[in-house]
Amino acid sequence: MKNLVVVVLILLIALASGSLFSVREGERAIVIQFGKVQRDDQTGDTRVFEPGLHFKIPFIDSVKKLDARIQTVDDRADRFVTEEKKDLIVDSYVKWRIDDFARYYLSTGGNQLQAEALLKQKVNNGLRSEFGTRTINQIVSGERSALMDQAMQQASTSSDELGIEIVDVRVKQINLPTEVSNSIFQRMRAERAAVAREHRSEGREQAEVIRADIDAKVTVMLADAERNARQVRGEGDALAAQIYASAYAKNADFYSFLRSMDAYKVSFDSKQDIMVVEPDSEFFRYLNSSSGRRDN
C-alpha cells in the first residue's frame with residue numbers, strides 16, 4: 001500500500017511538473033500539439049505565451065520558446081553591381097524581430113541561424129536591385145538613404161512569409177574592390193599629375209611675363225636715372241666752371257697756382273710713373289724758383 005502511494009505521488013509530481021512551463025523576459029512561447037501550432041479556439045490566432053508561468057498538457061503539448069527581442073544580422077560584406085556594371089563591396093546590417101511566431105516557427109523551425117540566412121538573402125536581393133538601378137556617383141553623393149529605405153521596403157514585403165518584421169536596414173560602408181581601387185588610384189594620380197604639370201607650365205609662363213615686365217621697368221628706370229645723373233652732372237660741371245671762372249677773375253695768378261698744384265699732385269701721385277718733360281717747360285713754372293721769382 002505504501003509503495004502504491006509513493007508511486008502515485010511520483011506520478012502526480014511528474015504530471016504537475018510536466019504541465020507547467022515558464023517564459024523568461026524577452027521571450028515568447030508557442031505550444032505545439034500533435035505537430036501543429038496551438039491556436040486560440042475563439043479567434044483562431046496563434047496562442048503566444050507572455051513571460052511568466054503557464055500550463056500545458058503533459059506528454060502531448062511541447063513548448064517552443066522564441067527570442068522576441070530585436071536581433072541584428074551583421075554579416076560579412078557582399079559584392080554588388082551598379083548600373084554602369086561597376087562592382088562595389090557593401091557592408092550592411094539588418095535589425096529584425098519576430099512578428100508572427102507561428103509563421104516564423106513553420107518557415108524556419110524556430111532556428112535563428114536559418115532565419116537570419118533567409119533574411120540576409122532577401123535583404124541582399126533588395127539591395128542588389130537598388131544598387132543595380134544607380135550609378136556609383138548617385139550612390140555616394142546623397143542617395144544612400146533612399147536606397148536603404150527602398151531596399152528595406154522590398155525586404156519587408158518578402159520577409160512577411162518568414163513571420164519576420166524588418167526594423168531597419170543600414171549600409172555601413174561602401175568600398176571599391178581592391179583591383180578597382182588600385183586602378184582608380186592610378187588614374188586619379190595621373191590626372192593630378194597632369195593638372196600639376198599644367199599649373200607649373202602656367203606658372204612658368206606668368207613668371208616669364210612678370211620677369212619681362214620687371215626687366216622693362218628696370219631698363220626704363222636705369223635709363224631715367226642715367227639721364228637724370230647726366231643732367232645733374234652737367235649742371236654741376238657748369239656750376240663748377242662758373243665758380244672757377246669767378247675765382248679766376250678775382251685773382252688769376254693765385255688760381256693758376258692752385259691749378260698747377262693740383263696737376264703736380266695728380267702727376268706725382270704714383271712713384272712708378274715716368275714723365276719726359278723739358279725742365280724749362282711751362283708745366284714746371286712754379287717748381288722753378290728763379291722762374292717763380294721772375295713771375296712774382
Atom [atom1] of [X] and atom [atom2] of [Y]: how far apart are they, to the nearest 0.5 Å?
{"X": "Q33", "Y": "R47", "atom1": "CD", "atom2": "CZ", "value": "9.5 Å"}
{"X": "L127", "Y": "M148", "atom1": "CG", "atom2": "CE", "value": "9.5 Å"}
{"X": "D160", "Y": "D100", "atom1": "CG", "atom2": "CG", "value": "9.5 Å"}
{"X": "R211", "Y": "R204", "atom1": "CZ", "atom2": "CZ", "value": "11.5 Å"}
{"X": "Q231", "Y": "D224", "atom1": "CD", "atom2": "CG", "value": "11.5 Å"}
{"X": "L119", "Y": "T108", "atom1": "CG", "atom2": "OG1", "value": "11.0 Å"}

Do [X] and [Y] share a hydrophobic cluster (ILVMFWY, side-chain heavy atoms under 4.5 Å, transitive)?
{"X": "L106", "Y": "V48", "answer": "yes"}
{"X": "F80", "Y": "I89", "answer": "no"}
{"X": "I210", "Y": "V220", "answer": "no"}
{"X": "I98", "Y": "Y93", "answer": "no"}
{"X": "M152", "Y": "L118", "answer": "yes"}

Heavy-atom pair of closest approach, residues [X] and [Y]:
{"X": "K122", "Y": "L162", "value": "CE-CD1, 3.7 Å"}
{"X": "L66", "Y": "G110", "value": "CD2-CA, 4.0 Å"}
{"X": "P51", "Y": "G26", "value": "CG-N, 4.4 Å"}
{"X": "R128", "Y": "R79", "value": "NH1-O, 3.1 Å"}
{"X": "E130", "Y": "T133", "value": "O-OG1, 2.9 Å"}
{"X": "T72", "Y": "W96", "value": "N-NE1, 4.4 Å"}

Has the side chain of [X] got a donor or acceptor atom that lies under 3.5 Å from a matching backbone atom of [Y]?
{"X": "K65", "Y": "S22", "result": "yes"}
{"X": "D213", "Y": "V209", "result": "no"}
{"X": "S246", "Y": "Q242", "result": "no"}

Taking C-beta and beyond as the side chain, do [X] and [Y] meet within less than 4.5 Å on heavy atoms?
{"X": "L239", "Y": "E235", "answer": "no"}
{"X": "F131", "Y": "V81", "answer": "no"}
{"X": "H54", "Y": "V23", "answer": "yes"}
{"X": "V37", "Y": "I32", "answer": "yes"}
{"X": "T82", "Y": "T135", "answer": "no"}
{"X": "V63", "Y": "F49", "answer": "no"}

Quick one: side-chain contact (heavy atoms from CB on, under 4.5 Å) partners of S129, sequence neighbours excluded?
Q154
Any chance CD of E202 has more than 12 other-residue heavy atoms, nucleotides or ligands included, within less than 6.0 Å?
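Result for CD/E202: enclosed.
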Counting heavy atoms not belonging to E205, are there more than 12 under 6.0 Å from its CD?
no
Could you walk me through whether V195 and R192 pass the side chain to side chain contact (heavy atoms under 4.5 Å, CB included) test, one step at a time?
CA-CA 5 Å; V195 172; R192 292 300 94 193; 3.9 Å; yes
Quick one: list whatever passes salt bridge (charged side-chain N to carboxylate O under 4.0 Å, His left out) with D237, sequence neighbours left out.
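Partners of D237 by the salt bridge (charged side-chain N to carboxylate O under 4.0 Å, His left out) criterion come out as none, since no residue qualifies.
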Does any donor atom in the side chain of E116 or Q112 lie under 3.5 Å from an acceptor atom in the other side chain?
yes
Looking at R230 and E226, is any side-chain nitrogen of the basic one under 4.0 Å from a carboxylate oxygen of the acidic one?
yes
Hey, are K172 and D74 close enough for a salt bridge, meaning a charged N less than 4.0 Å from a carboxylate O?
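Yes, this pair counts.
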